[in-house]
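Only one structure is covered here, and it is reproduced in the block below.
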Amino acid sequence: GRLFVNRVFHMSAEKMFDLLFTDSNFMRRFMDIRKIIGASSTSWQREASGGMKRTLNFTITISNPLIGKFSTATETQTLYKESREGQYYMIDAEVYTHDVPYHDYFYTQNRYCIIRNSKHKCRLRIYTDVKYKKHPWGLVKSFITKNSWSGLEDYFRHLEAELLEEEAELTQGSGDA
Ligand code: YK8
């Protein structure tokens, strides 16, 4: 896998969780810019295992002539029971893209860790892996891997940049920067 984001932000861990994992204005705006459309989400639901789960459905815009223009996707997020509100959150997100070529061969697993540093600081780590459900032919595998990494890198770079913008707005307002 790869570590795409590993950075301390000037906001509480709780704020970071709210931005990324609730129906926040931030996430709605970010999806708009990324041309991720028609997003719907279930609420967080308690699991028998003690963790929480929610499922998102949306359509991503790809516009790559080799791959297509759009694909529907399903993202299942699990908030681990070891998470502690305001202190430490670990979320695994499995993302299935249903309409790209070879979609039945692979999915993406994104792991988000939000760790409290102090009252107004937290560290965000985002770790990503491309997982295979079937063994593709070598050339197909390298095609999937290459396209997935470049798409993921672009997405998480952009997410990090938008979080830095949000951070700037938050610290400007509070005066405790
Ligand atoms: C989520 C991983 C692969 C996929 C894409 C497909 C390549 C197909 C390879 C063929 C387009 C928001 C990605 C990047 C689309 C976007 C997905 C996002 C960023 C040629 C064989 C969508 C996180 C996420 C996870 C997986 C990403 C896809 O919150 O290359």
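Order of listing sets the numbers, starting from 1, for every ligand and every atom in it. Counting from 1, the numbers follow the sequence of the chain as shown.
Of the N or O atoms in Thr108, none lie within a sub-3.5 Å distance of an N or O in ligand 1.
The pair Arg34-Asp154 counts as a salt bridge, with a side-chain nitrogen and a carboxylate oxygen less than 4.0 angstrom apart. Salt bridge status for Arg28 with Asp23: present, with a side-chain N to carboxylate O gap under 4.0 Å.
For atom 20 (C) of ligand 1, the nearest non-hydrogen atom of the protein is Phe143 CE2, 3.3 Å. Among protein heavy atoms, atom 3 (C) of ligand 1 sits closest to Ser148 OG, 3.5 Å. Ranking protein heavy atoms by distance to atom 27 (C) of ligand 1, first place goes to Leu152 CD2, 3.8 Å. Protein heavy atom nearest atom 6 (C) of ligand 1, with residue, atom name and distance: Val100 CG1, 4.1 Å.
Atoms of ligand 1 found under 4.0 Å from any heavy atom of Ile60 (numbered from 1 in listed order, with element): 15 (C), 16 (C). In summary, the atoms of ligand 1 found under 4.0 Å from a heavy atom of Asn110, numbered by their order in the structure, are 23 (C), 25 (C). Those atoms of ligand 1 that come under 4.0 Å of a heavy atom in Ile67, given as number and element, are 20 (C). Taking every heavy atom of Pro101 and a limit of under 4.0 angstrom, the matching atoms of ligand 1 come to 10 (C), 21 (C). Contact atoms of ligand 1 toward Tyr102: 21 (C) (distance under 4.0 Å to a heavy atom of the residue). In the vicinity of Asn147, heavy-atom distances shorter than 4.0 Å reach the ligand 1 atoms 7 (C), 9 (C), 20 (C), 30 (O). If you number the atoms of ligand 1 from 1 as listed, the ones under 4.0 Å from a heavy atom of Glu75 come out as 1 (C), 29 (O). Atoms of ligand 1 lying under 4.0 Å from at least one heavy atom of Gly151, given by number and element, are 14 (C).
Considering only non-hydrogen atoms, atom 11 (C) of ligand 1 lies nearest to Ile62 out of Leu56, Thr97, Ile62.
Using a 4.5 Å cut-off on side-chain heavy atoms (C-beta onward), Thr42 and Lys53 make no contact.
Here the rule is side-chain hydrogen bond (donor to acceptor under 3.5 Å, both in side chains) with His98, and of Thr72, Thr74, Asp104 only Thr74 fits it. Of the candidates Tyr112, Phe26, Tyr89, Phe21 forms a ring pair (Phe, Tyr, Trp, His ring centres under 6.0 Å) with just one, namely Tyr112.
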TODO: Would you check, one step at a time, whether the test side-chain contact (heavy atoms from CB on, under 4.5 Å) holds for Ile126 with Leu159?
DONE: CA-CA 11 Å; Ile126 307 176; Leu159 181 64; 4.1 Å; yes
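Residues Phe30 and Tyr155 bring their aromatic ring centres within 6.0 Å.
In this structure a side-chain-to-backbone donor-acceptor pair under 3.5 Å is present from Ser83 to Met90. Side chain of Gln109 to main chain of Asp129: no donor-acceptor pair is present (N/O by atom type, distance under 3.5 Å, no hydrogens or angles). In this structure, Ser71 contributes its side chain and Thr97 its backbone to no donor-acceptor pair below 3.5 Å.
There is no protein heavy atom less than 4.0 angstrom from atom 18 (C) of ligand 1. In this structure, atom 1 (C) of ligand 1 has a protein heavy-atom contact shorter than 4.0 Å.
Within 6.0 Å of CD on Glu82 lie more than 12 heavy atoms contributed by other residues, nucleotides or ligands.
Within the 4.0 Å heavy-atom criterion, neither part of Arg34 lies near ligand 1.
The closest approach between Ala73 and ligand 1 stays at or above 4.0 Å for every heavy atom of the residue.
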